[in-house]
Amino acid sequence: MIDTTHIMGIGMTSQRTRDRLKQRLQDQGITNMTVLDTIARMPRHLFVDEALASRAYEDSALPIGHGQTISQPYIVARMTEAVLRDGVPEKVLEVGTGSGYQAAILARLVKTVYTVERIEALHERARKVFRKLEMRNVYPKLSDGTWGWESKGPFDAIVVTAAPEEVPEPLFEQLADGGRLVIPVGGQYGAQYLRLYTRHSDEFEEEVIDQVKFVPLVSG
Ligand code: SAH
């Protein structure tokens, strides 16, 4: 008989580790079960360097090179929960692909995800991970997300994962009526707050969700 205890052991341990992350997020107040299950199923270790893979299911941001980080799972959960609050958006734009993790979580939950990144090496690496995971509903592009992605808009939701000092105007413009924009705003030294905007024709209702710490949104 073939002994599979060893192989099964590895799989079970890692699923247990992912479930622990899910439990932790739940303890911190994340309530959307679909979001929690999507996070528990996502192989986050594929989005970081092999040397950091053993830390992939900790609830922390980790370096991904080029001075950037993969977002903390708690923040990914908060942002995703915020855009899904009143129903599932069809078309979502993410600004700041980075590792591709937030885009991948969104891609499991909505119809189409467009994601833009300004650093070519990160853009290329994320593209490979999307391919490896056979994600066919996520479209990555190398560009400055300060300008959004006009030809693909308007978007039902826009998720920004790098912090500008002020919300770039094109992001408001490319939001569909009833759409939601979730974005950290603030400098690198002062406080940053995660804001949620909901569009009602030409009015934007604003809500502050959390205090956060994101890398800067770099223009140009
Ligand atoms: N969503 C990512 C978080 C990456 S950190 C993840 O899940 O891993 C934020 C990313 O935003 C960095 O990769 C950074 O290079 C990128 N970024 C910063 N300014 C940008 C801009 N103007 N346009 C597009 N990407 C930008």
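Counting starts at 1 for both ligands and their atoms, following the listed order. Quick caveat: nothing in here was measured; it's all calculated off a predicted structure.
Within 6.0 Å of CD on Glu120 lie no more than 12 heavy atoms contributed by other residues, nucleotides or ligands. Environment of NZ in Lys111: sparse, with no more than 12 heavy atoms of neighbouring residues, nucleotides or ligands closer than 6.0 Å. Crowding of Glu90 atom CD: a count of heavy atoms from other residues, nucleotides or ligands under 6.0 Å not exceeding 12. Within a 6.0 Å sphere centred on NZ of Lys128, heavy atoms belonging to other residues, nucleotides or ligands number 12 at most.
At the shortest separation from atom 23 (N) of ligand 1 among protein heavy atoms lies Gly145 N, 2.7 Å. For atom 11 (O) of ligand 1, the closest non-hydrogen atom of the protein is Gly96 CA, 3.2 Å. Regarding atom 25 (N) of ligand 1, its nearest protein heavy-atom neighbour is Arg118 N, 3.4 Å. When only non-hydrogen protein atoms are considered, atom 5 (S) of ligand 1 lies nearest to Thr69 O, 3.1 Å. Among all protein heavy atoms, the one lying closest to atom 7 (O) of ligand 1 is Gln102 N, 3.1 Å. For atom 12 (C) of ligand 1, the closest heavy atom belonging to the protein is Gln68 OE1, 3.2 Å.
Considering all non-hydrogen atoms of both residues, Ala104 and Met135 come closest at O-CE, 3.4 Å.
When the options Arg20, Arg24, Arg18 are evaluated for a salt bridge (charged side-chain N to carboxylate O under 4.0 Å, His left out) with Asp59, the one that passes is Arg24. Here the rule is side-chain contact (heavy atoms from CB on, under 4.5 Å) with Arg118, and of Leu142, Leu217, Val95, Val218 only Val218 fits it.
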Go through it in stages, so that I can follow the logic: the residues are Arg125 and Asp49, the test is salt bridge (charged side-chain N to carboxylate O under 4.0 Å, His left out), and I'd like the CA-CA distance, side-chain angles, deciding distance and then a yes or no. CA-CA 11 Å; Arg125 200 165 66 190; Asp49 275 354; 3.7 Å; yes
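Counting heavy atoms under 4.0 Å from ligand 1, residue Ser99 touches it through both backbone and side chain. Residue Glu94 touches ligand 1 through its side chain alone, judged by heavy-atom distances below 4.0 Å. Proximity of Glu117 to ligand 1, defined as any heavy-atom pair under 4.0 Å, is shared by backbone and side chain alike. Both the backbone and the side chain of Thr161 come within 4.0 Å of ligand 1, counting heavy atoms alone. Contacts of Thr97 with ligand 1, taken as heavy-atom pairs under 4.0 Å, involve the backbone alone. Looking at Leu122 against ligand 1, only its side chain comes within 4.0 Å, counting heavy atoms. Of the heavy atoms in Pro216, only backbone atoms (N, CA, C, O) come closer than 4.0 Å to ligand 1. Proximity of Ile64 to ligand 1, defined as any heavy-atom pair under 4.0 Å, is not found for any part of the residue.
Residue contacts with ligand 1 include Ser143, since one or more of its heavy atoms lies under 4.0 Å from the ligand. Heavy-atom distances between Val159 and ligand 1 stay at or above 4.0 Å for every pair.
Rounding to the nearest 0.5 Å places CD1 of Ile64 at 9.5 Å from OG1 of Thr97.
Taking every non-hydrogen atom of Ala162 and a distance limit under 4.0 Å, the qualifying atoms of ligand 1 come out as 11 (O), 18 (C). Of all the atoms in ligand 1, the ones that sit under 4.0 Å from a non-hydrogen atom of Val215 are 5 (S), 9 (C). Counting the atoms of ligand 1 from 1 in the order shown, those under 4.0 Å from a heavy atom of Val116 are 24 (C), 25 (N). If you number the atoms of ligand 1 from 1 as listed, the ones under 4.0 Å from a heavy atom of Asp144 come out as 21 (C), 22 (N), 23 (N). Residue-ligand proximity, Gly98 to ligand 1, at heavy-atom distances under 4.0 Å covers atoms 4 (C), 13 (O). Ligand 1 places these atoms under 4.0 Å from at least one heavy atom of Ile70: 8 (O). Each of the atoms 15 (O) of ligand 1 lies under 4.0 Å from some heavy atom of Ile119.
For Ser219, no nitrogen or oxygen atom sits less than 3.5 Å from a nitrogen or oxygen atom of ligand 1, counting backbone and side chain alike. At a 3.5 angstrom cut-off on N or O pairs, Val218 counts as close to ligand 1.
With hydrophobic clusters built from ILVMFWY side chains whose heavy atoms lie under 4.5 angstrom apart, Tyr57 shares a cluster with Tyr74.
Side chains of Thr146 and Ser219: a donor on one and an acceptor on the other come within 3.5 Å. Inspection of the Gln23 and Asp19 side chains reveals no N or O donor paired with an N or O acceptor under 3.5 Å.
No side-chain heavy atom of Lys141 sits under 4.5 Å from any side-chain heavy atom of Tyr114. The side-chain heavy atoms of Tyr139 and Lys152, taken from C-beta on, include no pair separated by under 4.5 Å.
Using cut-offs of 30° and 60° for the angle between ring planes, the Phe172 and Phe204 rings count as tilted.
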